[in-house]
Asker: 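So that we are looking at the same thing, I have put the structure below in structure tokens.
Quantities reported herein were computed from a predicted structural model and do not represent experimental measurements. Just the heavy atoms: all of them, side chains too, but no hydrogens, waters or symmetry mates, feed the values below. Chain letters run A, B, ... following the sequence lines, proteins first and then strands; every chain starts at 1.
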2 protein chains.
Amino acid sequence: MTEPRFSARRRDDARAGDKRERILRAAVKVFARKGFYASRVSEIAKAAGVADGTIYLYFKSKDELLTSLFEDRITRLLEVLRREIDAVPSGPGRVRRVVELQLGLLEGERDLAEVITVNLRQSTRLLKQYATKRFTEYLDLMALVIADAQHAGELRADVSPRIVARAIFGALDGIALTWALGNAEPGGLTRAGTQLADVLLQGLLPRPTAA
Amino acid sequence: MTEPRFSARRRDDARAGDKRERILRAAVKVFARKGFYASRVSEIAKAAGVADGTIYLYFKSKDELLTSLFEDRITRLLEVLRREIDAVPSGPGRVRRVVELQLGLLEGERDLAEVITVNLRQSTRLLKQYATKRFTEYLDLMALVIADAQHAGELRADVSPRIVARAIFGALDGIALTWALGNAEPGGLTRAGTQLADVLLQGLLPRPTAA
DNA sequence: GCGCGCTGAATCGCGGTTCAGTCACAACGC
DNA sequence: GCGTTGTGACTGAACCGCGATTCAGCGCGC
């Protein structure tokens, strides 16, 4: 229903035609620079190299454009995360992998980092209605990783997996936010990820011997 | 310049007259419920019990209303934090105090929690221009607490104080966010604060003996 | 020709902002 | 005391610009 029928193969036009994706990419760029509300649909159209009206052939509204953007990108992220988690056996290893992976991914996509950290919260509707779906899915995944490791005795069990999951999400978000808003020095996110993982893992170890 | 001259003492009207504060309080409530952009100035006026135009006697624009809100509330927070930090001698004690204090404060003001966590990011202008002032001040304060403790040998020195500060901010923000958006169970924030502090402190301890 | 993807100028509603009045009160002269 | 007038905080209906959305065409490929 959102997708254009079929075809759409312009033989004279080199760019692959996937206009929907072109629009999404343009939206990321524009939203990142100006924020959702300050961004004009016409700007996104221009950035994508399409007419204003074309956007409405692929998305119901400006709002739905933002929603789709998250739906799409977060779905991708969840896929990657699930795959990686499965590939790592140890609990602590998983935590480290997940933390480093997420910041590593954003390192290469500053615009996306900004959209996720900043714009996720722009549309209250988006946050309160939509986000409580995918976002919860994300938090649940993180909490599960923690809980599993706790049951295996690899991580201390005296803290709530859900709280830890939220804290990890928040820490990642906060680091990405300040990075995206600041000078975004190269390698900054990756380095931060390693350090965050270091602190988290030591903090989550089963209580050593003495409290 | 923003304040009305003087007088303004209505003897027949019980409410203390501080209209500016009344408007700010109303704004917190409305922004929290609907988000900055979805909130109508007329709604804030109604909630504050003043006319639409009155708001413009105290604030230049809707934008400036939001800005003033942060300026005001964050200034208060910084004051409280500084005082508390000075009152606690040990580094780890300070970290715990700061973490627990912030979540404790928000526990009593759900609306404010929501405004800070959600709306702080609504106005990109606010974030990029204004926030880089007070917000930086906040991060610097946190980083200083960490750095001091590191120099005193109370916390591990192999992580960047700034990264830790950002991570702590993010973790607090993330926890407050999910709390404010969720069921906001009573005591939830306080409990989360304790656990977060537990994990952080263990994680930040000087490396035990074996890495 | 025809269908379809696309275009982009025009529309239309919304809501931030303005500003001409209103009103309560204080100051003043008597 | 008491009318008169000045002051300025406050009001709220109307204005006006903006920008999301629409839709009457357009032209390319078949």
Side-chain angles (χ1 to χ4, degrees), chain A residues 1-23 26-27 30-31 33-69 119 122-126, chain B residues 1-24 26-27 30-31 33-69 122-126:
Chain A
M1 192 177 283
T2 337
E3 290 285 329
R5 297 296 168 271
F6 280 93
S7 66
R9 272 146 310 147
R10 337 179 102 287
R11 35 50 295 161
D12 60 339
D13 199 340
R15 49 226 166 112
D18 199 338
K19 245 165 217 186
R20 191 187 141 89
E21 181 60 25
R22 276 239 307 287
I23 294 171
V30 176
F31 286 160
R33 193 168 348 279
K34 324 193 39 167
F36 178 70
Y37 284 98
S39 297
R40 308 291 144 229
V41 171
S42 58
E43 291 178 87
I44 297 169
K46 179 144 52 141
V50 303
D52 297 12
T54 304
I55 290 185
Y56 291 88
L57 297 178
Y58 293 88
F59 305 94
K60 254 204 302 291
S61 64
K62 186 186 173 188
D63 242 57
E64 209 231 28
L65 174 54
L66 182 61
T67 302
S68 299
L69 191 54
N119 289 272
Q122 299 240 332
S123 170
T124 304
R125 194 178 335 161
L126 198 155
Chain B
M1 193 176 283
T2 337
E3 289 286 326
R5 296 293 168 275
F6 279 91
S7 65
R9 272 146 310 147
R10 336 180 105 288
R11 55 2 343 138
D12 62 339
D13 199 338
R15 48 223 167 114
D18 200 338
K19 239 158 225 191
R20 191 186 141 88
E21 181 60 26
R22 274 240 305 287
I23 294 170
L24 283 178
V30 177
F31 286 160
R33 191 166 351 276
K34 323 192 43 166
F36 179 70
Y37 284 97
S39 297
R40 308 291 144 228
V41 170
S42 57
E43 291 178 87
I44 297 169
K46 180 146 50 145
V50 302
D52 296 12
T54 304
I55 290 183
Y56 290 88
L57 298 178
Y58 294 88
F59 305 93
K60 256 204 298 294
S61 64
K62 186 185 174 189
D63 242 57
E64 209 231 29
L65 175 55
L66 181 61
T67 303
S68 300
L69 191 56
Q122 298 240 330
S123 170
T124 304
R125 193 179 335 161
L126 198 155

Asker: When the distance from CZ of R20(B) to P of dA9(D) is rounded to whole Å, what number comes out?
Answerer: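 In whole Å, dA9(D) P lies 15 Å from R20(B) CZ.
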Asker: May I ask you to decide if D18(B)'s main-chain N or O and E21(B)'s side chain share a donor-acceptor pair within less than 3.5 Å?
Answerer: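 No, because the side chain of E21(B) does not come within donor-acceptor range (under 3.5 Å) of the backbone of D18(B).
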Asker: L65(B) has an atom CG; how far is it from atom P of dT17(C), in whole Å?
Answerer: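 Between P of dT17(C) and CG of L65(B): 10 Å.
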Asker: Rounding to a whole Å, what distance do you find between I55(A):CD1 and dC6(C):P?
Answerer: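 Between P of dC6(C) and CD1 of I55(A): 12 Å.
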Asker: Whether the side chain of E43(A) engages the backbone of S39(A) through a donor-acceptor N/O pair (distance < 3.5 Å, no angle test) should be reported.
Answerer: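 No; judged by distance alone, with no hydrogens or angles, the pair does not exist.
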Asker: Minimum heavy-atom separation for A45(A) to D52(A), with atom names?
Answerer: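 Looking at all heavy atoms of both residues, the shortest contact is CB-OD1, 3.5 Å.
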Asker: State whether the side chain of T54(A) and the backbone N or O of V50(A) hold a donor-acceptor pair below 3.5 Å, judged by distance alone.
Answerer: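 Side chain of T54(A) to backbone of V50(A): no pair is present.
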Asker: Over how many whole Å does the gap from L57(A) atom CG to dT7(C) atom C1' extend?
Answerer: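 Atom CG in L57(A) sits about 9 Å away from atom C1' in dT7(C).
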Asker: Ring of F36(A), cation from K62(A) - is the NZ or CZ under 6.0 Å from the centre and inside 45° of the axis?
Answerer: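 Pair K62(A)/F36(A) counts as cation-pi.
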Asker: Is L24(B) close to Y58(B) at the side-chain level, that is, under 4.5 Å between some pair of heavy atoms?
Answerer: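 Result no, sub-4.5 Å side-chain heavy-atom pair not found.
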Asker: Can you give one letter per nucleotide of nucleotides 18-26 of chain D, going 5' to 3': B for a protein heavy atom under 4.0 Å from the base, S for sugar-phosphate only, - for none?
Answerer: -SSBB----
Asker: Rounding to a whole Å, what distance do you find between K46(A):NZ and dA9(C):P?
Answerer: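 From K46(A) NZ to dA9(C) P: 12 Å.
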Asker: Round to a whole Å and report the spacing from CZ of F59(B) to P of dA9(D).
Answerer: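 My rounded result for the distance is 15 Å.
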Asker: What integer distance in Å separates I23(A):CD1 from dC6(C):C1'?
Answerer: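 Interatomic distance, CD1 of I23(A) to C1' of dC6(C): 11 Å.
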